[in-house]
Amino acid sequence: QVQLVESGGGLVPPGGSLRLSCAASGSIYRINNMGWYRQAPGKQRDLVATITSGHYIHYADSVKGRFTISRDNAKHTVYLQMNSLKPEDTAVYYCNADVVGPYGLLHEWGQGTQVTVSS
């Protein structure tokens with residue numbers, strides 16, 4: 001009943017910028033936490049940033065000062081502005097959301113969007 005769809009990934013040179021979006025749709029009363037995770041081939045899926053419904057934010061140390069997470073509660077959408085990108089940022093980026101609906105709390109993931117940082 002609920003789905004998350006990421007967009008905005010692509011190929012960018014080192015030092016460049018990308019803006020990722022993730023929109024939730026379906027039977028939604030409200031969304032508590034939302035976040036971004038990333039996973040490179042053969043590696044663990046790691047936290048990038050999270051944001052609560054009250055806009056309390058946490059960043060991984062590796063992206064502090066470069067990435068900015070934000071959300072639009074009316075649109076059920078979370079964003080990730082990525083600046084000063086490095087090759088080590090290359091990964092599939094996944095959106096996550098804790099969605100409250102008719103049957104309680106659902107922990108949902110998007111399908112992922114590829115970010116490649118290369119010259």
Which residues pass the salt bridge (Lys or Arg N to Asp or Glu O under 4.0 Å) test with Lys64, not counting sequence neighbours?
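Asp61.
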
Not counting sequence neighbours, which residues clear salt bridge (Lys or Arg N to Asp or Glu O under 4.0 Å) with Asp89? List them please.
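Salt bridge (Lys or Arg N to Asp or Glu O under 4.0 Å) list for Asp89, sorted by chain: Arg38, Arg66.
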
If I take atom [atom1] from residue [X] and atom [atom2] from residue [Y], how far apart are they, to the nearest 0.5 angstrom?
{"X": "Thr113", "Y": "Leu20", "atom1": "OG1", "atom2": "CG", "answer": "6.0 Å"}
{"X": "Cys22", "Y": "Tyr94", "atom1": "SG", "atom2": "OH", "answer": "13.0 Å"}
{"X": "Ile31", "Y": "Ile51", "atom1": "CD1", "atom2": "CD1", "answer": "12.0 Å"}
{"X": "Ser21", "Y": "Lys75", "atom1": "OG", "atom2": "NZ", "answer": "9.5 Å"}

Applying side chain to side chain contact (heavy atoms under 4.5 Å, CB included) to Val78 and Ile69, what does each step give before you reach the verdict?
CA-CA 7 Å; Val78 62; Ile69 189 171; 3.8 Å; yes

Set of side chain to side chain donor-acceptor pair (under 3.5 Å) partners for [X], sequence neighbours left out:
{"X": "Gln1", "answer": "none"}
{"X": "Asn73", "answer": "Arg71"}
{"X": "Ser27", "answer": "none"}
{"X": "Ser17", "answer": "Asn83"}

Joint cluster assignment, Trp36 & Val2, ILVMFWY side-chain distance < 4.5 Å
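Yes, it is one cluster - the side chains of Trp36 and Val2 are joined through contacts under 4.5 Å.
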
Taking side chain as C-beta onward, heavy atoms only, is Met82 less than 4.5 Å from Tyr93?
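Side-chain contact under 4.5 Å: yes.
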
Can you tell me which residue among Asn96, Asn33, Asn32 is in a side-chain hydrogen bond (donor to acceptor under 3.5 Å, both in side chains) with His107?
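The passing option is Asn96.
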
Using a 3.5 Å distance criterion without hydrogens, assess whether the side chain of Thr90 forms a donor-acceptor pair with backbone atoms of Val117.
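Between the backbone of Val117 and the side chain of Thr90 there is a qualifying donor-acceptor contact (under 3.5 Å).
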
Tell me if the CZ atom of Arg30 is crowded by more than 12 foreign heavy atoms within 6.0 Å.
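Not more than 12 within 6.0 Å, no.
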
Would you list the pairs meeting salt bridge (Lys or Arg N to Asp or Glu O under 4.0 Å) in which at least one residue belongs to residues 105-119, sequence neighbours left out?
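Non-adjacent pairs meeting salt bridge (Lys or Arg N to Asp or Glu O under 4.0 Å): zero.
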
Enumerate the ring-ring contact (aromatic ring centres under 6.0 Å, His included) contacts for residues 48-91, please, sequence neighbours excluded, ordered by first and then second residue.
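Passing the test, one end in residues 48-91: no pairs.
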
Atom pairs and distances, donor-acceptor, side-chain atoms in residues 3-14, under 3.5 Å, two or more places apart:
unit_1 : atom_1 : unit_2 : atom_2 : d
Glu6   : OE1    : Gln111 : N      : 2.9
Glu6   : OE1    : Gln111 : NE2    : 3.1
Glu6   : OE1    : Gly112 : N      : 2.9
Glu6   : OE2    : Cys95  : N      : 2.8
Glu6   : OE2    : Gly112 : N      : 3.2

Those residues that, when tested against Tyr37, pass ring pair (Phe, Tyr, Trp, His ring centres under 6.0 Å) (two or more places apart):
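Per chain and number, Tyr37 pairs via ring pair (Phe, Tyr, Trp, His ring centres under 6.0 Å) with Trp109.
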
If you apply the rule side chain to side chain contact (heavy atoms under 4.5 Å, CB included), what do you find for Leu18 with Val115, and how did you get there?
CA-CA 9 Å; Leu18 286 173; Val115 172; 3.9 Å; yes

